[in-house]
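Below you'll find the structure, written out as structure tokens, and then a few comments.
For reference, positions follow the sequence shown, starting with 1. Keep in mind it's a predicted model, so treat the numbers as computed, not measured.
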Amino acid sequence: MTESFPALSLDEACDLLLAAERPIVLSHAHPDGDTVGAAAALCLLFSRLHKKAAWQCADPLPRRLAFLFADLEMATPEENAGGTVIAVDVASPMQMGSLSETYLPGGVRLMIDHHEVGTPFAPSLICPQAAAAGEVIYRLAERLLERGSLDEIDVPMASAIYAAISSDTGCFKYSNVTAQTHRIAAALLATGIHADKINHLLYDSRTPEQLAAEKIAMSRLSVHAGGRIGAVCLTLADRAGLSDDDFETAVDIPRSMAGVEIALVVRELPGGVSKVSLRSVDVNVSAVAQAFGGGGHVRAAGCTLSGTPEDALTAILPTLIEALGKA
Ligand SMILES: [Mn+2]
């Protein structure tokens, strides 16, 4: 039996933030710019409320995102042990990685998220219409401003929120971008942030390892369904000596090909399984991922299948081709 948790209103979530003691902010495993940017923004928000927050994640902070925490005085998770635990951009217990052993069940007080599909593990503020968890943090900050609990959304906080939204929208390119996303971005720019520098750090500063990973991904690109599906299969050997961090830009290669409607990246994991990441233009890939025991967003989803990456691709292709027919 699954336990059910209340969905909180914006004000109830604000109340929880105001009442929080020694906060610990959690990001999902394999952290991306949204989970880190939203977490940094929340930690900054706490510091403006005179609370020294800790940040925790099952995986290390990627180098290119380190700037988000640069000006922040943090507590360690040990110092804040027993304090109020808040997860950001974490849709399901599995996404907490090894931290789920520490905090689940029952140890998380609030989930702040924007995923349409997930398994709540705490009282939650989930806004599926938000392009990023960072956008939800912005709404919380805005409400705390209205309530007089926060003086301003300052440059460091605005920068972290902007980085979160930019990350989850591919620099404002994806279909999740709405007029509201741009309104929030405009308000953030008005605080005086350097959006150009943030986007340069996020998108235009690849390491030699990232370029090496892109080269491998290009050599593993295959095309299916008359060019409508692009796939990159990566074995453990392909990834030897390179980290997930290094492959972060490589995974965009199948999606960048003209005519591709569904892009997949299939990564071999230890233990004879392969992780499939799906991105689409229109097709509901969340439904496909769910059919294989996974989940996610309509246009960005994933699942894990047994076998090599080639086995996983062979297994999922017919369902993807069928989904293309329905789109
Ligand atoms: Mn997100």
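- For Glu116, the side-chain hydrogen bond (donor to acceptor under 3.5 Å, both in side chains) criterion is met by no residue, not counting sequence neighbours.
- Looking at Asp59 and Pro31, their side chains come closer than 4.5 Å, going by heavy atoms from C-beta outward.
- In this structure, the side chain of Asp244 does not engage the main chain of His30 through any donor-acceptor pair within 3.5 Å.
- The closest donor-acceptor contact from the side chain of Ser274 to the backbone of Val266 lies at 3.5 Å or more, if one exists at all.
- For the pair Asp32 (side chain) and Thr35 (backbone), a donor-acceptor distance under 3.5 Å is present.
- Proximity of Leu236 to Pro270: side-chain heavy atoms (C-beta onward) are separated by under 4.5 Å at one or more points.
- Classification of Asp246 and Arg63 as a salt-bridged pair holds, one side-chain N sitting under 4.0 Å from a carboxylate O.
- Annotation: the span from Ile24 atom CD1 to Arg109 atom CZ amounts to 12.5 Å, rounded to 0.5 Å.
- With Ile198 as reference, Ser159 is the one residue of Cys171, Ser159, Ser166 to meet the side-chain contact (heavy atoms from CB on, under 4.5 Å) rule.
- Residues in residues 36-69 take part in these ring pair (Phe, Tyr, Trp, His ring centres under 6.0 Å) pairs, two or more places apart or across chains: Trp55-Phe69.
- Note on ring orientation: taking the six-membered ring where Trp is involved, the planes of His114 and His297 are tilted (angle from 30° to 60°).
- Judged purely by atom type and a 3.5 angstrom limit, Ser92 has no side-chain atom pairing as donor or acceptor with the backbone of Gln95.
- Between Gly134 and Ala38, the closest heavy-atom pair is N-CB, 3.8 Å.
- Val90 and Leu42 fall into different hydrophobic clusters, where Ile, Leu, Val, Met, Phe, Trp and Tyr residues are linked whenever their side-chain heavy atoms come under 4.5 Å apart, directly or through other members.
- Linking ILVMFWY side-chain heavy atoms closer than 4.5 Å, directly or via other members, places Phe121 and Met94 in two distinct hydrophobic clusters.
- Ser205 has its side chain within reach of His200: a pair of non-hydrogen atoms, C-beta onward, lies under 4.5 Å apart.
- A donor-acceptor pair is defined here as one N or O able to donate and one able to accept, closer than 3.5 Å; such a pair exists between the side chain of Arg239 and the backbone of Glu268.
- Connection of Leu104 to Leu110 is not established within any shared hydrophobic cluster, with ILVMFWY side chains joined at heavy-atom distances below 4.5 Å, either directly or through further cluster members.
- Residue Thr314 comes nearest to Glu310 through the heavy atom pair OG1-O, 2.8 Å, listed as atom of the first residue, atom of the second, then distance.
- Looking at residues two or more places apart in sequence or on another chain, you find a salt bridge (charged side-chain N to carboxylate O under 4.0 Å, His left out) between Glu73 and Lys52.
- Under the 4.5 Å side-chain contact rule for hydrophobic residues, Leu242 and Leu65 do not share a cluster.
- Between Leu45 and Met157 there is a side-chain heavy-atom pair separated by less than 4.5 Å.
- Looking at Asp252 and Thr249, their side chains never bring a donor and an acceptor atom within 3.5 Å of each other.
- Side-chain heavy atoms closer than 4.5 Å link hydrophobic residues (I, L, V, M, F, W, Y) into clusters, and following such links, possibly through other members, connects Leu72 to Leu68.
- Heavy-atom minimum distance, Phe5 versus Ala122: CB-O, 3.3 Å.
- Without hydrogens or angle criteria, Asp89 side chain to Ala132 main chain gives no donor-acceptor distance under 3.5 Å.
- Looking only at side-chain heavy atoms (C-beta outward), Ile161 and Ile193 stay at 4.5 Å or farther from each other.
- Residues Ile126 and His115 are not in side-chain contact: their nearest non-hydrogen atoms beyond the backbone lie 4.5 Å or more apart.
- A pairwise comparison of heavy atoms in Gln290 and Gly295 identifies CG-CA, 4.1 Å as the closest pair.
- Closest of all the heavy-atom pairs between Leu313 and Ser222 is CD2-OG, 4.1 Å.
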**OP:** Could you walk me through whether Glu21 and Lys51 pass the side-chain contact (heavy atoms from CB on, under 4.5 Å) test, one step at a time?
**Re:** CA-CA 7 Å; Glu21 286 176 38; Lys51 300 168 203 257; 5.7 Å; no

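- Aromatic ring centres of Tyr162 and Tyr138: separated by at least 6.0 Å.
- Looking only at atom types and distance, the side chain of Thr235 has a donor-acceptor partner in the side chain of Asp238 under 3.5 Å away.
- In this structure, Asn80 contributes its side chain and Pro23 its backbone to a donor-acceptor pair below 3.5 Å.
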**OP:** Report the C-alpha separation of Val136 and Asp113 in whole Å, then their side-chain angles, then the decisive distance to 0.1 Å, and conclude whether the side-chain contact (heavy atoms from CB on, under 4.5 Å) test is met.
**Re:** CA-CA 7 Å; Val136 188; Asp113 191 30; over 6 Å; no

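- When all heavy atoms of Asp168 and Ala131 are compared, the pair lying nearest together is CB-O, 3.6 Å.
- Within the 3.5 Å criterion, the main-chain N or O of Ile216 finds a donor-acceptor partner in the side chain of Ser219.
- Under the 3.5 Å distance criterion, the side-chain polar atoms of Arg299 are left unmatched by any main-chain donor or acceptor of Ser280.
- For Glu142 and Arg139, the salt-bridge test fails: no basic side-chain N is under 4.0 Å from an acidic carboxylate O.
- Checking side-chain atoms of Asp34 against main-chain N and O of Ala133 turns up a donor-acceptor pair under 3.5 Å.
- Contact check for Leu320 versus His224: no side-chain heavy atoms found under the 4.5 Å cut-off.
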Subject >> side-chain contact (heavy atoms from CB on, under 4.5 Å) between Thr178 and Thr181, intermediate numbers included >> reply: CA-CA 5 Å; Thr178 64; Thr181 318; 3.0 Å; yes

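- Looking only at side-chain heavy atoms (C-beta outward), Ile262 and Val288 stay at 4.5 Å or farther from each other.
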